[in-house]
J.: 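Mind looking over this structure? Questions follow.
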Amino acid sequence: MNIKVLKNILEANDQVASRIRADLAGRKITAVNLISAPGAGKTSLLEQTIPMLKSHYRIGVLEGDIATTRDADRIGKLGVPVVQLLTGGACHLEAPLVQRGLGELDLTGLNLLFIENVGNIACPAEFDLGENAKVGILSVTEGHDKPAKYPLLFHEVAALVLNKVDLLPYCDFNYDTFLADFRKLNAHAPVFQVSCKTGDGLGDWTHWLEHIAGGEIYVHPHTHTGVAGVQPHTHPHKH
Amino acid sequence: MSIVEALLDAVRQEKRAYPGAQVQIVRVRVGALRQIVPDTLKFCFQAATRDTDLAGVLLELDQIPARARCRNCRAEFAVEDNWFQCPHCAAADGELLTGNELDLTSIELRNPPDRLSASV
């Protein structure tokens, strides 16, 4: 006997993600899911970003890792609430673990939540965590061919941070090839060239975060309009 | 592996309505843009079902090609090598029509109980 089912296999994850999204929207918290390969600079980017925004925004962080609390320890030094999520072997975060993490975090008054995914640019792109925006981080030392090799992530991101640009003179990263490949996957997401080592370019990135903070905007890379992929908005800051 | 575990949860949930029946085949539809390697999925499926109530079940995969519609000229095109660039007007702003599927589509059962099979 054949039973027709038609059921999304990741439905259980997606249902939890929808609940997280609704809960965060109700609290006016904007959630950003940071995805990159190991060592591209997710934690370093947070170490640079949080001090720049801390005086205007109340920030919380969920740190995803397979093992150890090293990243949470680094973020904890910045004086913002952080909860370490340990996947116990899994190479990506899933919505139920994020939901448990949110239960541990004091969400009162938060405006901005960073979810640092496990270092991996394949699987994390498959799992909705209830975020408002996925942000990809690529470091120039990884090579310009990564959008072509991992298309799903680069198609999904609302913004891309290109890190370690201070090393461009020392590696074979071809920015034009990278950008041409990226644009075939993602027509609108802004690209921020930064160096977490020197601090270069971080202003444009934090400016974009300020644009999306507020929790009411769902930033999908393929629906927004305007310069640098920013939705029409009211300004909580000065230009 | 998490995908296989989610799949097995879904299969067991469906199977619960047919006590005593044995699952023979599980059919899954996978879009081309999903980062699923068919052989790896089958290998994980085998490993995860070994010595369980679903041991020996066959996993059949139906692969769905990716197609998109250009937001600029509205033409439909095949997304080849995962590029979203429209072959007609060269705009890189395709809206995905198919290729993102990851669905359990059907289950083949043997020995379904008589009293329940009448109602399906």
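Worth saying up front: this structure is predicted, and the values here are computed from it rather than measured. Chain A is the first sequence line, chain B the second, and so forth, proteins listed ahead of strands; every chain is numbered from 1. Values below: every heavy atom of this structure, side chains too, minus hydrogens, waters and symmetry copies.
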J.: Could you state the interatomic distance from CG (A/Leu10) to CD1 (B/Ile3), rounded to the nearest 0.5 Å?
T.: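 Here the interatomic distance stands at 5.5 Å.
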J.: Counting neighbours of CZ on B/Phe43 that are heavy atoms of other residues, nucleotides or ligands and sit closer than 6.0 Å, is the number greater than 12?
T.: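 Open.
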J.: Of all heavy-atom pairs between B/Trp83 and A/Asp181, which one has the smallest distance, and what is that distance?
T.: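 Reported closest heavy-atom pair: CZ3-O, 3.7 Å.
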J.: Does the side chain of A/Val5 reach to within under 4.5 Å of the side chain of B/Ile107, using non-hydrogen atoms?
T.: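 A/Val5 vs B/Ile107: side chains touch.
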J.: Within a strict 4.5 Å, meaning less than it, do heavy atoms of the A/Asn2 and B/Arg27 side chains meet?
T.: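 Contact flag for A/Asn2/B/Arg27 side chains = yes.
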J.: Is A/Ala12 close to chain B through its backbone or its side chain, or both, or neither, when contacts mean heavy atoms under 4.5 Å?
T.: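 Neither the backbone nor the side chain of A/Ala12 comes within 4.5 Å of chain B.
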J.: Is any side-chain heavy atom of B/Ser2 closer than 4.5 Å to a side-chain heavy atom of A/Glu94?
T.: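 Contact flag for B/Ser2/A/Glu94 side chains = yes.
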J.: Is the count of non-hydrogen atoms from other residues, nucleotides or ligands lying under 6.0 Å from B/Arg12 atom CZ greater than 12?
T.: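 Yes.
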J.: If we only count heavy atoms from C-beta on, is the A/Ile9 to B/Val28 side-chain gap below 4.5 Å?
T.: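 A side-chain contact exists here, since the closest heavy-atom pair is under 4.5 Å.
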J.: Could you state the interatomic distance from CD (A/Glu156) to CG (B/Asn100), rounded to the nearest 0.5 Å?
T.: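 Here the rounded value is 7.0 Å.
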J.: Would you mind checking which part of A/Cys91 comes under 4.5 Å of any heavy atom in chain B, side chain (CB onward), backbone (N, CA, C, O), both or neither?
T.: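 Looking at A/Cys91, nothing touches chain B.
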J.: Testing the basics here: between B/Gln35 and A/Glu126, what is the closest heavy-atom pair and its distance to 0.1 Å?
T.: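 Between these two residues, the closest heavy atoms are N-OE2, 2.8 Å.
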J.: Where do B/Ala92 and A/Ala187 come nearest, in terms of heavy atoms and distance?
T.: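 Between these two residues, the closest heavy atoms are O-CB, 2.8 Å.
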J.: For residues B/Glu14 and A/Lys7, determine if any side-chain heavy atom of one lies less than 4.5 Å from a side-chain heavy atom of the other.
T.: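 They are in contact (side-chain heavy atoms under 4.5 Å apart), so the answer is yes.
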J.: Under a 4.5 Å heavy-atom cut-off, does chain A meet the side chain of B/Arg34, its backbone, both or neither?
T.: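 Contact with chain A: backbone and side chain both.
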J.: Checking heavy atoms, do the side chain of B/Gln13, its backbone, both or neither come under 4.5 Å from chain A?
T.: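 Contact with chain A involves the side chain of B/Gln13 alone.
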J.: What distance do B/Arg29 atom CZ and A/Leu6 atom CG have between them, rounded to the nearest 0.5 Å?
T.: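 Reported to 0.5 Å precision, the distance equals 5.0 Å.
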J.: Would you say that A/Lys184 contacts B/Phe84 through its side chain, given a criterion of any heavy-atom pair below 4.5 Å between the two side chains?
T.: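 SC-SC contact between A/Lys184 and B/Phe84 ruled out.
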J.: Checking heavy atoms, do the side chain of B/Glu108, its backbone, both or neither come under 4.5 Å from chain A?
T.: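 Both backbone and side chain of B/Glu108 come within 4.5 Å of chain A.
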